[in-house]
Amino acid sequence: MQWRRIIVHSEPEQEEIVTNILLESGAQGVAVSGSWEDDISRAGEWDYVDGLAEVPYSVEAYYGADDERVTGKISWRLEAALGAAPRVEAETVDDADWMNAWKEFFGPVRAGDHLVVKPTWSEYDAYPGDIVVEIDPGMAFGAGGHETTRMSLRLIEQFLYPGETVIDVGSGSGVLAIAAAKLGASVVYALEADPVAADVARENAAANGADAVQVEHSDLLAALPAGMQADMVVANIIADVIIRLIPELDGVLRQSGMFICSGIIDSRLDDVLEVLRCNALRPIVVESDGEWRSVAAKRKE
């Protein structure tokens, strides 16, 4: 199958706005690339490596190959939202191009005291105590390198207790759901609105032997079994969707349960915190990485 790839060359702080516009314009998938340094193991320690080639920052979105008019519509909406039109490119690609385009930029990432996310095509010699999650993101978000994913993984490791039930909303590649299972969660529901990403998450869960993970194609919590409750809900998405999700947690998140949300640009943090407080969720940790913020909030008893 062929797809139309739209590439928006924007600034990192514009990522949430750009992503929203692309998704609202009918994107079937979104990928972000930019100038970063991969976390890798060197000389027995985790460190940053100097001299890696920089990747120009961009947001890519994928549409049906026959949707040629979408480029102009996106350009107009971006100019209206940002005040100036970023450079927008369009090209036709096939499934293999989409799945393999960014593999060369990803390596193993340590995302907590014990969690390590390793792309399936990358070598890594685990240290004692490491919990390794192998991911092939395919056409889904989540190879472990993005700031929002790393912060989510650290908070899951910090607050998850073995035997708990977890819901991962907007699971993408399944990286957070699989990590929760490997940290001892007994049941993990991975909910994903994109059917292609849901298939990727199922494959990754199977490859990791994460039998506790059940992947469902779902708009937010729609596919949860009736009466389902969780000790932890995780959502690494964007602020607008998190704000829409929070009221739906009533009756799903157990008393004293943890809600971990990420993908929040700094300028939207106060909006998210206000909605959390208005829905009986007490923020207890706010993590920062560049322009991005993640929050761990506890449901009030």
Side-chain angles (χ1 to χ4, degrees), residues 15-16 19-20 23 29-30 32 111 137 140-142 144 146-160 164-181 183 185 187-194 197-198 200-201 213-224 228-254 257-266 268-289 292-299:
E15 181 177 329
E16 184 176 27
T19 300
N20 263 335
L23 291 172
V30 175
V32 178
F141 176 83
H146 196 275
E147 297 94 330
T148 63
T149 307
R150 294 200 304 263
M151 288 190 288
S152 298
L153 290 165
R154 287 197 295 267
L155 290 172
I156 292 171
E157 183 176 321
Q158 181 177 350
F159 290 108
L160 180 65
E164 290 190 330
T165 298
V166 177
I167 300 170
D168 176 17
V169 184
S171 63
S173 68
V175 59
L176 302 184
I178 295 165
L183 287 166
V187 178
V188 184
Y189 274 87
L191 308 178
E192 173 54 55
D194 179 359
V200 171
V213 176
Q214 180 170 331
V215 181
E216 299 289 348
H217 177 216
S218 178
D219 179 23
L220 297 185
L221 303 175
L224 277 183
M228 171 77 183
Q229 288 193 313
D231 303 287
M232 176 180 287
V233 177
V234 184
N236 180 22
I237 31 184
I238 57 176
D240 286 340
V241 181
I242 290 169
I243 287 170
R244 182 160 65 95
L245 169 65
I246 289 169
E248 297 187 21
L249 298 179
D250 186 36
V252 174
L253 186 61
R254 291 192 174 104
M258 295 295 303
F259 176 51
I260 294 171
C261 52
S262 190
I264 306 163
I265 204 74
D266 178 54
R268 300 301 307 280
L269 177 61
D270 288 342
D271 298 334
V272 173
L273 293 176
E274 177 64 21
V275 177
L276 288 169
R277 295 185 181 104
C278 289
N279 285 271
L281 288 159
R282 178 171 58 91
I284 58 176
V285 174
V286 176
E287 286 217 355
S288 302
D289 195 335
W292 296 100
R293 306 291 178 263
S294 297
V295 181
K298 189 172 185 179
R299 185 176 176 86

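Just so it is clear, the values below take in all heavy atoms, side chains as well, and ignore hydrogens, waters and symmetry mates.
Counting only residues at least two apart or in different chains, side chain to side chain donor-acceptor pair (under 3.5 Å) contacts with residues 272-286 are absent. Residue pairs meeting the side chain to side chain donor-acceptor pair (under 3.5 Å) criterion with at least one partner in residues 238-254, sequence neighbours excluded, are Asn20-Asp240, Asp231-Arg254, Asp240-Arg268, Asp250-Arg299.
The structure places OG1 of Thr148 at 10.0 Å from CD1 of Ile265, a figure rounded to the nearest 0.5 Å. Atoms SG and CG, on Cys261 and Leu273 in that order, are 8.0 Å from each other to the nearest 0.5 Å. In this structure, Ser171 OG and Leu191 CG are separated by 7.0 Å, a value rounded to the nearest 0.5 Å. Going from atom CD1 of Ile178 over to atom CG of Leu183 covers 12.0 Å, rounded to the nearest 0.5 Å. How far CG of Leu281 is from CD1 of Ile246: 7.0 Å, rounded to the nearest 0.5 Å. A distance of 7.5 Å separates CD in Gln158 from CD1 in Ile284, rounded to the nearest 0.5 Å.
Partners of Asp270 under the side chain to side chain donor-acceptor pair (under 3.5 Å) rule, at least two apart in sequence or in another chain, do not exist in this structure. Arg154 pairs by the side chain to side chain donor-acceptor pair (under 3.5 Å) definition with Glu287, not counting sequence neighbours. Under the side chain to side chain contact (heavy atoms under 4.5 Å, CB included) criterion, Asp266 pairs with Glu291, Arg293, not counting sequence neighbours. When the side chain to side chain contact (heavy atoms under 4.5 Å, CB included) test is applied to Ala235, the partners found at least two apart in sequence or on another chain are Val169, Ile237, Leu245, Phe259. Ser294 pairs by the side chain to side chain donor-acceptor pair (under 3.5 Å) definition with Ser262, not counting sequence neighbours.
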Show which side-chain atoms of residues 213-221 pair as donor or acceptor with protein atoms under 3.5 Å away, not counting sequence neighbours.
from   : atom 1 : to     : atom 2 : distance (Å)
Gln214 : NE2    : Glu216 : OE2    : 2.7
His217 : NE2    : Ala193 : O      : 2.8
Ser218 : OG     : Leu220 : O      : 2.9
Ser218 : OG     : Ala222 : N      : 3.2
Ser218 : OG     : Ala223 : N      : 2.9

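Between Pro283 and Val295, the closest heavy-atom pair is CB-CG1, 4.1 Å. Smallest separation of non-hydrogen atoms from Ala180 and Val188: CB-CG2, 4.2 Å. Taking every heavy atom of both residues into account, Glu192 and Gly172 meet most closely at OE1-N, 2.7 Å. For the residue pair Glu164 and Phe159, the shortest heavy atom distance occurs at OE1-O, 4.2 Å. For Leu253 against Met258, the heavy-atom pair with the smallest separation is CD1-O, 3.5 Å.
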Audit row: Thr165, Gln229, side-chain contact (heavy atoms from CB on, under 4.5 Å) steps and yes/no: CA-CA 8 Å; Thr165 298; Gln229 288 193 313; over 6 Å; no

For side-chain contact (heavy atoms from CB on, under 4.5 Å), just list the numbers for Asn236 and Val175, CA-CA rounded to whole Å, side-chain angles, deciding distance to a tenth of an Å, and then say yes or no. CA-CA 11 Å; Asn236 180 22; Val175 59; over 6 Å; no

